[in-house]
Amino acid sequence: MAILFFFSVLLAGFLSKSQLVGAQLHDQTTLLAINKELGVPGWGINNSDYCSWPGIGCGSNLSMVERLDLSRRNLQGNATLISELKALKWLDLSNNDFHGSIPSAFGNLSELEFLDLSLNKFGGLVPRELGSLRNLRTLNLSNNVLVGEIPDELQSLEMLQAFQISSNKLSGSIPLWVGNLTNLRIFAAYENDLGGSIPDNLGSFSELQSLNLHSNQLEGQIPKSIFVLGKLEVLVLTQNKLFGYLPEEIGKCKGLSSVRIGNNNLVGMIPKSIGNISSLTYFEADSNKLSGEIVPEFAQCSNLSLLNLASNGFSGTIPPELGQLMSLQELILSGNSLFGDIPKSILGCKSLNKLDLSNNRFNGTIPNEICNMSRLQYLLLNQNSIKGEIPHEIGNCLKLLELQMGSNYLTGTIPPEIGHIKNLQIALNLSFNHLHGPLPLELGKLDKLVSLDVCNNRLSGNIPSALKGLLSLIEVNFSNNLLTGPIPNFVPFQKSPNSSFLGNKGLCGVPLTSSCGGSSGSEHENDHHKVSYKIILAVIGSGLAVFVSVTVVVLLFMIRERQEKAAKATGVEDDVDNNRPTIIAGNVFVENLRQAIDLDAVIKATLKDSNKLIIGTFSTVYKAVMPSGLILSVKRLKSMDRTIIHHQNKMIRELERLSKLCHDNLVRPIGFVIYEDVALLLHHYLPNGTLAQLLHESAKQPEYDPDWPTRLSIAVGVAEGLAFLHHVAIIHLDISSGNVLLDADFKPLLGEIEISKLLDPSRGTASISAVAGSFGYIPPEYAYTMQVTAPGNVYSYGVVLLEILTTRLPVDEEFGEGVDLVKWVHSAPARGETPEQILDARLSTVSFAWRKEMLAALKVALLCTDSTPAKRPKMKKVVEMLQEIKHK
Ligand SMILES: *[C@@H]1O[C@H](CO)[C@@H](O)[C@H](O)[C@H]1NC(C)=O
Ligand SMILES: *[C@@H]1O[C@H](CO)[C@@H](O)[C@H](O)[C@H]1NC(C)=O
Ligand SMILES: *[C@@H]1O[C@H](CO)[C@@H](O)[C@H](O)[C@H]1NC(C)=O
Ligand SMILES: *[C@@H]1O[C@H](CO)[C@@H](O)[C@H](O)[C@H]1NC(C)=O
Ligand SMILES: *[C@@H]1O[C@H](CO)[C@@H](O)[C@H](O)[C@H]1NC(C)=O
Ligand SMILES: *[C@@H]1O[C@H](CO)[C@@H](O)[C@H](O)[C@H]1NC(C)=O
Ligand SMILES: *[C@@H]1O[C@H](CO)[C@@H](O)[C@H](O)[C@H]1NC(C)=O
Ligand SMILES: *[C@@H]1O[C@H](CO)[C@@H](O)[C@H](O)[C@H]1NC(C)=O
Ligand SMILES: *[C@@H]1O[C@H](CO)[C@@H](O)[C@H](O)[C@H]1NC(C)=O
């Protein structure tokens with residue numbers, strides 16, 4: 001009996017062991033099959049120990065796969081087999097290239113606690129089978145292209161804590177059962193097409209901490225339920241169609257830091273209980289139909305940094321209590337019916353950076369102490385009924401970037417002290433007031449100012465020629481005053497439309513038709529259409545630079561961080577953290593862009609294929625939209641050269657040096673990020689694509705086809721950029737039309753310069769074969785010298801010039817076997833073809849003058865592409881030759 005017992009125990013042990021081995025074998029077979037299907041980098045090298053493969057975590061004593069992290073590996077293919085890994089608890093396929101439907105077989109992973117499929121291209125419906133994942137705590141399907149409704153089967157996910165389905169194309173409404181998920185902490189469904197109302201039990205049964213539903217079609221009221229348990233920290237409902245009141249119960253959420261409910265149809269007053277939210281830092285409720293007075297209770301939210309109540313129906317006065325808000329950075333109350341004074345107490349808000357009271361009924365005066373708010377960058381008081389004089393003390397607002405006081409009842413003279421505000425750039429607008437007296441000479445000191453508007457006042461005297469100091473001026477308006485005398489000879493004045501000077505009976509000279517005796521006004525007429533274009537560009541440019549310094553950006557980051565912290569706090573495992581790449585190094589070289597650039601957002605943008613702009617020899621370029629609105633072009637270096645990462649410090653120094661390299665026709669790096677083994681370089685985003693796209697893609701649409709003068713300017717610009725590089729002893733490694741970027745004005749900028757510094761082939765750090773440049777641009781001598789030289793650059797430039805002249809690709813089957821553009825052009829005489837037959841006939845036949853210039857440029861291109869390097873001209877000489885053509 002005892003023996004029998006012993007034997008049966010032994011047998012049982014043996015059986016379970018063999019089962020165990022079977023399970024291991026099963027996982028191994030499955031992983032090999034998965035690897036065959038997906039080709040996971042680094043897998044299969046050691047077949048006997050799959051637990052050591054990258055991204056795999058095995059259970060402690062059974063060697064079964066419990067964790068699979070295949071995020072950020074550029075994977076695509078059929079992921080169905082993963083469902084065979086029966087012990088899987090943690091599956092992360094985020095940031096890949098998976099498309100098609102989400103495998104319904106994932107529903108068989110009964111142990112699964114964490115499923116992250118975000119940042120892929122999964123389409124179709126959310127599979128009902130996922131409802132079988134009874135242990136699931138985190139479900140992240142965001143940033144895909146999923147359609148249809150949220151399937152009801154998911155209501156079985158009773159353990160679910162984080163439910164993220166944002167940035168898809170989901171429709172239908174938010175199911176009622178979401179409110180019954182008792183463990184739900186984070187619910188994010190923003191940027192979908194969800195309609196209906198927010199379930200009115202949401203938050204009643206669970207301690208909801210973060211609710212983000214912005215940019216949907218949601219209707220109905222904000223349910224009280226989300227506030228009742230008092231745990232909400234982040235509420236984002238912006239850009240929906242919500243109506244009704246903001247519930248009084250919001251005051252129960254002491255930890256609520258961010259409330260964003262703008263762009264809805266909310267009505268009624270802000271509840272006084274808002275004062276009970278001690279953590280409130282960000283309150284944004286603009287563009288609703290809210291009304292009543294601004295409640296003084298906001299003053300109790302001592303950490304409040306932004307209060308935006310713009311474009312509502314608020315009335316009454318600004319409560320003086322708001323002056324207690326020492327952290328307040330932006331107070332935006334424009335577009336309401338507020339009246340009275342700017343309360344003196346507000347001047348105590350030492351952190352205030354933006355005060356926007358425009359478009360109200362304020363009817364007091366501007367306090368002399370207005371500049372006690374020493375951080376003020378935006379003072380927007382236009383479109384009110386403000387009386388009295390502009391205080392002389394305005395000159396103490398040294399940080400001001402924009403001063404808007406137009407359309408008020410201001411009297412007195414323009415204080416000369418405004419000239420002390422050296423930072424003033426975006427606009428100085430004093431128009432439509434009752435100002436009299438002369439234009440102070442001191443205004444001429446505002447050398448950054450782009451727009452000056454003093455129209456419709458009673459200003460008298462001359463326009464002082466000291467205003468020629470307004471070096472950045474683009475837009476000016478002096479009309480409808482009492483000004484007299486000649487308009488100073490200053491390009492921005494003469495280039496302005498005459499409407500900028502009309503209504504001043506005593507003014508004369510260009511651009512007005514009334515001459516002061518002698519000078520002619522016709523000379524500049526032709527430039528007019530160009531001017532307005534430039535104004536737009538410069539204003540956008542300066543606006544961008546300025547926008548960047550708005551501190552609210554920082555705030556947004558802060559809030560995002562909080563959101564992330566909240567997510568972490570409720571995360572199932574600490575591992576959630578590993579998901580975000582650790583930035584090893586990163587910097588933004590341009591001081592005034594620092595706040596606008598979020599390095600995490602940069603990384604995120606490069607993980608999305610839809611952001612891909614250009615795939616180059618050494619890098620892939622992505623478009624990255626920052627949370628601040630700034631758009632960057634981000635270059636991800638191909639990891640062919642790992643030494644870039646290993647020689648990090650050198651690289652950083654090199655980049656810093658390059659960022660200081662200033663030439664109009666060179667793309668300058670503005671920053672970088674290094675994480676894992678990836679290096680990202682940041683540049684300004686140039687909206688007009690590359691020269692290659694302009695010549696070879698848009699040429700198919702005649703309206704975008706660049707004419708000859710445009711092409712010649714581009715050719716000159718590229719040559720100038722390259723000549724400058726050679727001047728500072730930098731050899732470019734990859735000159736091609738694909739590396740010539742065009743700004744909004746079609747000014748060419750030569751890119752990929754840093755590559756030339758980072759991959760110096762002479763130091764043997766780069767694999768030499770990779771440094772040949774782009775096919776069709778490689779100089780013939782490269783075959784034996786294996787070195788890129790200055791004359792080699794001249795050759796590549798010659799190929800670009802030929803492209804510009806012929807609108808043909810550098811390599812094309814049409815030329816015949818082994819013949820590229822250079823050979824095709826050089827052998828034209830042998831074929832009995834005239835040069836005219838090579839040039840793009842659509843241009844060369846337009847006019848005799850164009851044809852002549854094109855032939856001259858062709859000569860330069862032939863010299864540049866001479867097969868003997870020594871016979872090619874220097875870049876400096878090329879510039880001279882081309883400029884001669886241009887100016888003839
Ligand atoms: C493969 O795995 C085995 C067992 O873990 C280990 O002993 C061996 O060193 C590994 N070989 C390689 C090349 O990593
Ligand atoms: C590991 O093995 C021990 C004894 O062999 C067993 O008691 C334990 O349950 C196993 N742990 C797991 C997680 O399977
Ligand atoms: C993916 O593979 C599974 C078997 O592993 C197969 O049943 C399924 O049809 C495949 N799906 C696609 C879209 O090819
Ligand atoms: C789930 O597993 C069962 C049993 O192993 C199998 O019959 C079924 O096809 C699987 N489901 C899917 C969707 O693969
Ligand atoms: C998906 O959501 C989970 C839960 O909030 C989070 O931990 C994870 O980082 C998200 N995935 C990505 C790629 O952001
Ligand atoms: C949610 O739970 C309540 C009570 O716990 C129940 O009455 C209701 O039917 C549930 N709603 C859904 C949609 O499951
Ligand atoms: C706000 O706090 C006060 C006292 O601190 C309390 O009396 C009041 O009920 C609270 N209001 C809300 C809506 O929580
Ligand atoms: C205000 O912010 C500070 C700094 O972030 C924090 O320490 C403090 O707890 C906050 N106060 C409240 C009431 O939340
Ligand atoms: C401002 O307007 C309000 C309401 O129209 C009026 O009561 C008040 O007297 C005005 N104040 C001044 C200083 O004009």
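Hydrogens, waters and symmetry mates play no part in the numbers below; they use all other heavy atoms, side chains included. Quick note: residue numbers are just sequence positions, from 1. Order of listing sets the numbers, starting from 1, for every ligand and every atom in it.
- For atom 2 (O) of ligand 3, the nearest protein heavy atom lies closer than 4.0 Å.
- The minimum heavy-atom distance between Pro320 and Pro343, with the atom names listed, is CA-CB, 4.3 Å.
- Protein heavy atom at the shortest distance from atom 4 (C) of ligand 3 is Thr80 CG2, 4.5 Å.
- A donor-acceptor pair shorter than 3.5 Å can be found between the side chains of Ser167 and Glu191.
- The closest protein non-hydrogen atom to atom 7 (O) of ligand 9 is Phe339 CE1, 4.9 Å.
- Between Asp116 and ligand 5, at least one N/O pair is under 3.5 Å apart.
- The distance from ligand 5 to the heavy atoms of Ser118 drops below 4.0 Å at these ligand atoms: 11 (N), 12 (C), 13 (C).
- Residue, atom and distance of the protein heavy atom nearest to atom 5 (O) of ligand 9 are Asn363 ND2, 4.5 Å.
- At a 3.5 angstrom cut-off on N or O pairs, Asn95 does not count as close to ligand 5.
- Annotation: atom 14 (O) of ligand 3 to nearest protein heavy atom, Asn78 ND2, 3.4 Å.
- Atoms of ligand 5 lying under 4.0 Å from any heavy atom of Thr138, numbered from 1 in the order shown and given with element: 3 (C), 4 (C).
- Counting only N and O atoms by type, the side chains of Asn192 and Lys169 include no donor and acceptor under 3.5 Å apart.
- Distance remark: protein heavy atom present below 4.0 angstrom from atom 11 (N) of ligand 3.
- The only member of Val40, Leu31, Leu70, Leu85 that meets side chain to side chain contact (heavy atoms under 4.5 Å, CB included) when paired with Ile56 is Leu31.
- Trp43 and Trp53 have tilted rings, their planes meeting at an angle from 30° to 60° on a 0 to 90° scale.
- Within the listing of ligand 5, atoms 4 (C), 5 (O) sit less than 4.0 angstrom from a heavy atom of Ala162.
- In this structure, the side chains of Val178 and Leu184 come closer than 4.5 Å at one or more pairs of heavy atoms.
- In this model, no donor atom of one side chain and acceptor atom of the other lie less than 3.5 Å apart for Asn216 and Asp193.
- Here the side chain of Asn120 pairs a donor or acceptor atom with the backbone of Asn96 at under 3.5 angstrom.
- Looking at Lys387 against ligand 9, only its side chain comes within 4.0 Å, counting heavy atoms.
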